[in-house]
Amino acid sequence: MNDVVYKIYDNIVGLRDMTADEKSKRDAEIKEWNDESATRKLAQIKEIRLEKLIETDYLANSDVTMPDNIKTWRQSLRDITSNHTDEDAYDLLLARDSDGNLTHSVWSKP
């Protein structure tokens, strides 16, 4: 935990150094946060995937014929969690350009 600042604000004393117990608790919080990184990224991917699927749900109506390329794209969205299973893959899926647009090809609607 190299860049951890072990200071805490106390209403009575003001800014002070953490006690050993407070440092230990803070380290545990940071470790838990870091350990849950992949879970948070996967949740974000699933949220984006749901938004993309919702955008084309109207094509699944019985009176509309869904084009094959859209069917394939929707299936690739549903397969994201089985085709991309580690945190490095999650980083690639969540990569954005300078304008904030997702850059991975899986998100591009045909």
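Listed for the Asn61 side chain is no donor-acceptor partner under 3.5 Å among the backbone atoms of Val64. Although no hydrogens or angles enter the test, the distance criterion places no donor-acceptor pair under 3.5 Å between the side chain of Arg16 and the main chain of Lys7. Using a distance-only test at 3.5 Å, with no hydrogens or angles considered, a donor-acceptor pair links the side chain of Asp97 to the main chain of Asn101. The closest donor-acceptor contact from the side chain of Ser82 to the backbone of Asp79 lies under 3.5 Å. Side-chain atoms of Glu22 come within 3.5 Å of backbone atoms of Thr19 as a donor-acceptor pair (strictly under, hydrogens ignored). Checking side-chain atoms of Asn83 against main-chain N and O of Ile80 turns up no donor-acceptor pair under 3.5 Å. A distance-only check finds a donor-acceptor pair linking the side chain of Thr72 to the backbone of Asp68 [under 3.5 Å].
We find that Asp88 and Lys41 are not joined by a salt bridge, their nearest charged nitrogen and carboxylate oxygen being 4.0 Å or further apart. Salt-bridge check for Lys23 with Asp27: failed, with every basic side-chain N at 4.0 Å or more from each acidic carboxylate O. Look at Arg26 and Glu29 and you find a salt bridge, because one of the NZ, NE, NH1 or NH2 atoms lies within 4.0 Å of a carboxylate O, short of that distance.
Nearest heavy atom pair, residue Val13 against residue Asp10, reads N-OD1, 3.3 Å. Here the closest heavy-atom approach between residue Leu102 and residue Trp107 is recorded as CB-CD1, 3.6 Å. Closest non-hydrogen pair, Ile8 versus Asp17, comes out as CG2-O, 4.5 Å. Between Leu77 and Arg49, the shortest heavy-atom distance links the atoms O-CD, 2.7 Å.
Residues His84 and Ile45 have side chains not in contact (no heavy-atom distance under 4.5 Å, counting atoms from C-beta outward). Contact of the Lys71 side chain with the Leu59 side chain is not registered, since no non-hydrogen atoms from C-beta on lie closer than 4.5 Å. Counting heavy atoms from C-beta outward, Lys25 and Met18 have side chains that stay 4.5 Å or more apart. Side-chain atoms of Leu94 and Ile48, non-hydrogen and from C-beta on, do get closer than 4.5 Å to each other. You'll find the side chain of Glu87 stays beyond 4.5 Å of the side chain of Thr39, heavy atoms only. By the 4.5 Å heavy-atom criterion applied to side chains, Thr56 and Trp73 are counted as neighbours.
Following chains of ILVMFWY side-chain contacts shorter than 4.5 Å, one can reach Leu53 starting from Leu93, so the two form part of one hydrophobic cluster.
Counting non-hydrogen atoms of neighbouring residues, nucleotides and ligands closer than 6.0 angstrom, the CD atom of Glu32 reaches no more than 12 such neighbours.
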Query raised in the report: Would Arg74 and Met66 satisfy side-chain contact (heavy atoms from CB on, under 4.5 Å), going step by step from the backbone distance to the final call?
Result: CA-CA 11 Å; Arg74 287 172 58 90; Met66 186 181 300; 3.7 Å; yes
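Atoms CD1 and OG1, on Ile70 and Thr65 in that order, are 13.0 Å from each other to the nearest 0.5 Å.
Seen from the ring of Trp33, Arg40 counts as a face-on cation partner, given the 6.0 Å and 45° thresholds.
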